[in-house]
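Here is the structure we will look at, set down as structure tokens.
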Amino acid sequence: MKAGLIGCGAIGREIAYAIDSQIPQLELFLVYDVEKKKANELVNKLKRKPRVGSDIQQVVTETDLTIEAASPKIVGELLTLAEKQGKDLMIMSIGGVLNHLELLNRIKKEGKCKIFFPSGAIAGVDGLNAAREKNIQSISITTSKPPRALLNAPYIIQNKIELENIKKPTLIFEGNCEEAIKAFPRNINVSATLSLAGVGMKKTKVKIIADPNITKNEHKIEVKGEFGEMEVVVRNVPSSINPKTSYLAALSAVATLRKMVSPVKIGT
Ligand SMILES: NC(=O)c1ccc[n+]([C@@H]2O[C@H](COP(=O)([O-])OP(=O)(O)OC[C@H]3O[C@@H](n4cnc5c(N)ncnc54)[C@H](O)[C@@H]3O)[C@@H](O)[C@H]2O)c1
């Protein structure tokens with residue numbers, strides 16, 4: 001299968017290295033980045049050399065599977081191209097889908113292409129998928145971050161919250177996912193993944209805690225439903241290339257690709 005990669009940053013690089021050395025069933029045929037230098041640098045580090053693409057459309061047209069690891073801004077265009085050309089797509093900037101839910105639903109109905117959303121920086125999406133087969137009563141996510149990681153969030157600025165004065169774990173926001181995304185846009189991917197896999201933005205509850213005692217971002221997901229109860233906690237190590245990105249997100253992209261080509265799938 002020919003794959004094309006859009007975005008040669010923290011996640012894109014991890015994906016390219018993994019395909020190159022560990023997933024022989026995939027051929028990385030094209031890589032593209034708005035910063036061409038990054039694409040060239042990546043190609044130089046790979047044993048099986050892909051070509052450097054010139055735009056998004058070329059990547060979709062000339063490959064079987066497009067892997068997006070770039071920006072939420074291009075997700076709408078990619079979904080449109082995938083729908084028109086019947087090409088598969090894996091999306092990391094899942095927050096970008098929220099403005100295109102109608103298109104996503106149409107793609108679901110038409111069934112001409114497949115769209116993959118890796119679990120990214122959270123865990124438990126497998127259990128949530130199973131739980132959703134029956135009634136779900138509640139889903140919530142509590143995200144704890146070191147106070148400095150919340151700097152410049154619109155909610156912090158608007159409410160004049162003095163993060164440097166926080167000396168103990170402090171709940172600073174409580175609302176639904178829709179409100180949380182506006183208040184803390186950096187949480188958008190985690191919120192979008194949980195909402196799309198679960199019960200939607202309005203019914204998913206979010207708490208944000210500023211905790212001066214932690215160094216890693218922590219997500220605690222709680223689900224109650226007909227199946228019983230589930231609690232999942234992830235404490236994420238930041239990517240060494242991009243500290244805003246959790247290393248687990250890049251690994252989840254690689255795991256999704258490996259699952260796509262593997263004849264045996266566990267925990268799907
Ligand atoms: N699903 C999740 O849980 C999750 C977790 C972390 C990051 N992400 C998202 O994944 C994406 C990639 O993350 P990252 O850490 O690798 O980011 P990064 O900033 O390290 O790399 C992004 C790369 O994409 C390139 N790029 C930006 N806009 C582009 C465009 N329009 N066309 C082509 N290339 C473009 C940049 O030049 C950069 O090289 C981001 O949108 C991020 O929000 C998702």
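Just so you know, ligand 1 is whichever comes first in the structure, and atom 1 is the first atom listed for that ligand.
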Test salt bridge (Lys or Arg N to Asp or Glu O under 4.0 Å) on R235 and E218 and set out the steps.
CA-CA 4 Å; R235 291 182 195 94; E218 180 180 302; 3.0 Å; yes

Is it the case that ligand 1 has an N or O less than 3.5 angstrom from some N or O of A121?
yes

Could you tell me which atoms of ligand 1, counted from 1 in the order shown, lie closer than 4.0 angstrom to a heavy atom of I74?
31 (N)

Is any side-chain heavy atom of I67 less than 4.5 Å from a side-chain heavy atom of M92?
no

With a cut-off of 4.0 Å, which atoms of ligand 1 are near a heavy atom of Y32?
32 (N), 33 (C)

I'd like to know if the side chain of D33 and the backbone of E35 have a donor-acceptor N/O pair within less than 3.5 Å.
yes

State, to 0.1 Å, how close L128 and M230 come at their nearest heavy-atom pair, and which atoms those are.
N-CE, 4.0 Å

So for ligand 1, is S93 a polar contact partner (N or O within less than 3.5 Å, distance only)?
yes

N/O separation below 3.5 Å, S246 to ligand 1:
no

Among G96, G7, A69, A39, which one puts a heavy atom closest to atom 22 (C) of ligand 1?
A69

Record the part of I6 in heavy-atom contact with ligand 1 below 4.0 Å; permitted values are side chain, backbone, both and neither.
side chain

Any idea which of L248, N242, L42, I15 brings a heavy atom closest to atom 18 (P) of ligand 1?
N242

Examine distances only and state if a side-chain atom of E68 and a backbone atom of S93 form a donor-acceptor pair shorter than 3.5 Å.
yes

At what distance is the nearest protein heavy atom to atom 21 (O) of ligand 1, and which residue and atom is it?
G9 CA, 3.2 Å

Numbering as shown, the atoms of ligand 1 that approach P72 to under 4.0 Å (heavy-atom distance)
41 (O)

Report yes or no: does N236 contribute a side-chain atom to a donor-acceptor pair with the main-chain N or O of A121 at less than 3.5 Å?
yes

Per-atom filter on ligand 1: closer than 4.0 angstrom to a heavy atom of K38 are 37 (O), 38 (C), 39 (O)

Just one of S144, P169, P146 clears the side chain to side chain contact (heavy atoms under 4.5 Å, CB included) bar with N213, so which one?
P169

Nearest heavy atom to atom 15 (O) of ligand 1 wins, so pick from I188, T245, I122.
T245

Between A10 and ligand 1, which residue portion shows a heavy-atom distance shorter than 4.0 Å: side chain, backbone, both, or neither?
both

Could you name the option among E68, E77, M92, R186 that has the heavy atom nearest to atom 44 (C) of ligand 1?
M92

Test item, K73 contacting ligand 1 (heavy atom, 4.0 angstrom):
no

Main-chain N/O of P243 paired to T245 side chain as donor or acceptor, under 3.5 Å
no

Ignoring hydrogens and angles, tell me if any N or O in the side chain of T170 forms a donor-acceptor pair with the backbone of I172 under 3.5 Å.
no

Test item: side-chain donor near acceptor, S54 and Q58, under 3.5 Å:
yes

Give the numbers and elements of all ligand 1 atoms closer than 4.0 Å to a heavy atom of S71.
28 (N), 41 (O)

G120 neighbourhood, listing ligand 1 atoms whose heavy-atom distance to it stays under 4.0 Å:
1 (N), 2 (C), 3 (O)

re atom 29 (C) of ligand 1, the protein heavy-atom contact at minimum distance is V34 CG2, 3.6 Å

For atom 36 (C) of ligand 1, which of I11, D33, L5 has the closest heavy atom?
D33

Distance-only, no hydrogens or angles: does the K205 side chain make a donor-acceptor pair with backbone N or O of K202 under 3.5 Å?
no

Evaluating non-hydrogen atoms only, which member of N189, V31, I91 is closest to atom 8 (N) of ligand 1?
N189

Main chain of Q57, side chain of T61: is a donor-acceptor contact present, judged purely on distance under 3.5 Å?
yes

Should the pair Y155 and F184 be assigned to parallel (<30°), tilted (30 to 60°) or perpendicular (>60°) ring geometry?
tilted

Identify the closest protein heavy atom to atom 5 (C) of ligand 1: which residue and atom is it, and at what distance?
A249 CB, 3.3 Å

